[in-house]
Amino acid sequence: MRGLVSYSLYVFCLCLALNGARAQEPEIVIEDVLDSAEAVTEEPEPVAVVHPDFEPYSAVNAVFWEQFTEGWRERWKASHAKKSDSDEFSYIGRWAVEEPKVFPGLNGDKGLVVKDKAAHHAITAKFAEPLDNTDQTLVVQYEVKLQNGLECGGAYLKLLTEDETLHAEEFSDKTSYQVMFGPDKCGATNKIHLIIRRKSPITGEYEEKHLIGGPRATVSKVTNLYTLVLNPDQTFEIRVNGATAHAGSLLDDTTFNPAFSPPKEVEDPEDTKPEDWVDEATIPDPNQATKPDDWDEDEPYQIPDPDAAKPEDWDESAEEFIPDPDAEKPDDWDDEEDGEWVASVIPNPECEDHGCGPWTPPTIVNPKFKGKWVQPRIENPDYKGPWKPRKIANPEYYEDAKPADLERIGAIGFELWTMQSDILFDNIYVGHSVEEAEKIGNATYVVKVEVEEAEEKASRPKVEEPKAPLTVWEQFMQDPINFSIQQTKMFYTFFQRDPIFAVRTYPETAAALGIAIVTVLSIFFGAILTLFSSKPAPAPSKPASETETKEETEDVAETADSAATETTARRRTKKN
């Protein structure tokens, strides 16, 4: 029996081995490829990122160019003015010029940094000469590095109007500006602002024109480049990292809110709706002012089905639910504290094939139901439509044909509030040349961001590559006995539900069990056939006595001696 079990286990293991070898065949090529490229799978040793030295760039024909090199304190002035909407809050946020601490780029490359979070910051730098972009292209470009990200706050700049207040007062939210441009994010709001302030020649008041549907700001800890272009043909373009993110026409009434040119007509504020104006589209039908006599509001919505009949096998004497006969009162149940114990109920097993308990007919929609009566409505013959005030010529209308022609600009400034510190600004360009701005971006931003991205990539946590799943043969080799038992159990479980599915899912187990069964049957039936087809063996001879054995030995000896003597005589006769 042990030999039979050992043989069956051997056959089972042999089938597993053959199946494992078959399963491994298509993976040999993959393993060969991975072995030939060990450098890809092995953990590469960290490579130090090379940081080139910063070299100042000399912008040509720039109205304003700032890289925060030596002498920046002479050009920039921090403000400590109070905000216009409060007498308590002032611009107490600190500024610094320093190299970035997160994903640094070029050695020695410094920028203007917001040092405090949850504080108001304001700083400005005046131009050597006021900027006048009448009939000229205006280009504003600068870099933003959000070293701590940006959850709520702004990173935009302002082009300040050249007027008396610019030189007489400290920079604040009251300072007049021409353009506000840059990223702003707080909660769900995330966009690049473009606001242009225009003065009405009629009223003399300024109005902010906000770009509708501005592009989303890029929130990352590497440097991002923002560029604004206002063209003399009254078109504009916003670029992010050198690529166009938004463009359009300033003259399109649907691009900015409000539009640069006021509407030609407005509603007359003195116009009122006439007393006889009818703006009701429908009225109650005067011909059906009373409820019809046959209208019964008391009829229910549903009624018992008059055609329904109780099934013949319905047993009204039997309860639909009965106390659970197997329920037992808990040992810790206290009738005085917990009340009288009542067994839980279960569906009556006698009601599995038919209904039990009181029978009630099902309900149907009442054909006589009409509900509450409501007087019908008809179209109002006197209806005139919704009333609107009449239109009159807009007394404040003017045509802003050249909104890109801004008033003279005398300075640039950052007036911010943010919940994140260490926002860094660098390489600020204001001028008239798109080509010059592109050259600056290629010479400063592109070189810098390549190093920063390498630093960011090097700082990412190493992710281990997922290991390939073990083949059937590998699982068997780890623990042959348990694996064989588990495979057999799984095969048996699925075989009970769906034999074909079990054989397809576990072909090696099916083959092994099949061969083992055939082997057992072959041995069993072979033993039976051998048992019934064999002849009786002959009886063993009795052992001879010691005397008979001695006599037979002497006879043999004498016969041998005589035979030897005869042979010798013959040889002699033949010799003579």
Side-chain angles (χ1 to χ4, degrees), residues 187-189 191 200 202-203 205 207-214 248-321 347 351 353-400:
T189 302
K191 63 180 178 180
S200 169
I202 306 298
T203 63
E205 297 180 355
E207 189 174 46
E208 294 181 348
K209 314 291 184 176
H210 292 252
L211 174 65
I212 301 174
S249 173
L250 300 176
L251 302 180
D252 186 350
D253 292 342
T254 62
T255 304
F256 285 80
N257 183 34
F260 285 95
S261 295
K264 294 183 179 181
E265 291 184 333
V266 294
E267 294 180 351
D268 187 356
E270 298 180 358
D271 190 17
T272 58
K273 183 173 70 173
E275 295 181 358
D276 59 349
W277 187 273
V278 179
D279 53 9
E280 293 184 0
T282 61
I283 58 173
D285 187 357
N287 296 325
Q288 301 186 46
T290 59
K291 181 177 68 174
D293 296 336
D294 60 348
W295 192 286
D296 189 355
E297 295 181 346
D298 297 329
E299 284 287 345
Y301 176 70
Q302 289 185 329
I303 59 173
D305 186 358
D307 298 330
K310 182 176 70 174
E312 296 180 357
D313 59 351
W314 193 281
D315 188 358
E316 289 189 322
S317 62
E319 296 291 337
E320 185 177 1
F321 294 94
C351 302
D353 300 329
H354 59 79
C356 295
W359 179 83
T360 56
T363 59
I364 61 173
V365 177
N366 185 0
K368 298 181 180 180
F369 173 77
K370 293 184 179 181
K372 283 288 184 180
W373 181 82
V374 179
Q375 185 177 1
R377 299 181 70 87
I378 60 174
E379 293 184 1
N380 190 348
D382 299 327
Y383 176 66
K384 296 183 180 181
W387 181 83
K388 294 181 180 180
R390 62 174 177 266
K391 295 284 188 177
I392 60 173
N394 186 0
E396 299 179 357
Y397 171 76
Y398 66 93
E399 183 181 2
D400 194 350

Rounded to the nearest 0.5 Å, how far apart are [atom1] of [X] and [atom2] of [Y]?
{"X": "Asp313", "Y": "His354", "atom1": "CG", "atom2": "NE2", "answer": "6.5 Å"}
{"X": "Glu297", "Y": "Phe369", "atom1": "CD", "atom2": "CZ", "answer": "10.0 Å"}
{"X": "Ser261", "Y": "Phe256", "atom1": "OG", "atom2": "CZ", "answer": "12.5 Å"}
{"X": "Lys264", "Y": "Lys391", "atom1": "NZ", "atom2": "NZ", "answer": "13.5 Å"}
{"X": "Trp373", "Y": "Thr290", "atom1": "CH2", "atom2": "OG1", "answer": "6.0 Å"}
{"X": "Asn287", "Y": "Gln375", "atom1": "CG", "atom2": "CD", "answer": "9.5 Å"}

State whether the side chain of [X] and the backbone N or O of [Y] hold a donor-acceptor pair below 3.5 Å, judged by distance alone.
{"X": "Asp285", "Y": "Pro376", "result": "no"}
{"X": "Asp253", "Y": "Ala259", "result": "no"}
{"X": "Asn380", "Y": "Glu280", "result": "yes"}
{"X": "Trp277", "Y": "Gly385", "result": "yes"}
{"X": "Trp295", "Y": "Gly371", "result": "yes"}
{"X": "Glu299", "Y": "Lys370", "result": "no"}

For [X] versus [Y], what's the shortest heavy-atom pair and its separation?
{"X": "Gly214", "Y": "Leu211", "answer": "CA-CD2, 3.9 Å"}
{"X": "Pro311", "Y": "Trp359", "answer": "CD-NE1, 3.6 Å"}
{"X": "Pro395", "Y": "Ile202", "answer": "O-CG2, 3.8 Å"}
{"X": "Ala393", "Y": "Val266", "answer": "O-CG2, 4.5 Å"}
{"X": "Pro381", "Y": "Ile283", "answer": "CD-CD1, 4.1 Å"}
{"X": "Arg390", "Y": "Asp271", "answer": "N-OD2, 2.8 Å"}

Student check: side-chain heavy atoms of [X] and [Y] closer than 4.5 Å:
{"X": "Val365", "Y": "Tyr301", "answer": "yes"}
{"X": "Asp279", "Y": "Lys273", "answer": "yes"}
{"X": "Pro286", "Y": "Ile378", "answer": "yes"}
{"X": "Ser200", "Y": "Glu396", "answer": "no"}
{"X": "Pro367", "Y": "Ile303", "answer": "yes"}
{"X": "Glu316", "Y": "Cys356", "answer": "no"}
{"X": "Tyr398", "Y": "Pro262", "answer": "yes"}
{"X": "Trp387", "Y": "Pro389", "answer": "yes"}

Starting from the C-alpha separation in whole Å, work towards a yes-or-no answer on side-chain contact (heavy atoms from CB on, under 4.5 Å) for Glu207 and Lys209.
CA-CA 6 Å; Glu207 189 174 46; Lys209 314 291 184 176; 2.6 Å; yes

Contacts of Asp252 that satisfy side chain to side chain donor-acceptor pair (under 3.5 Å) - sequence neighbours left out
Thr254, Thr255

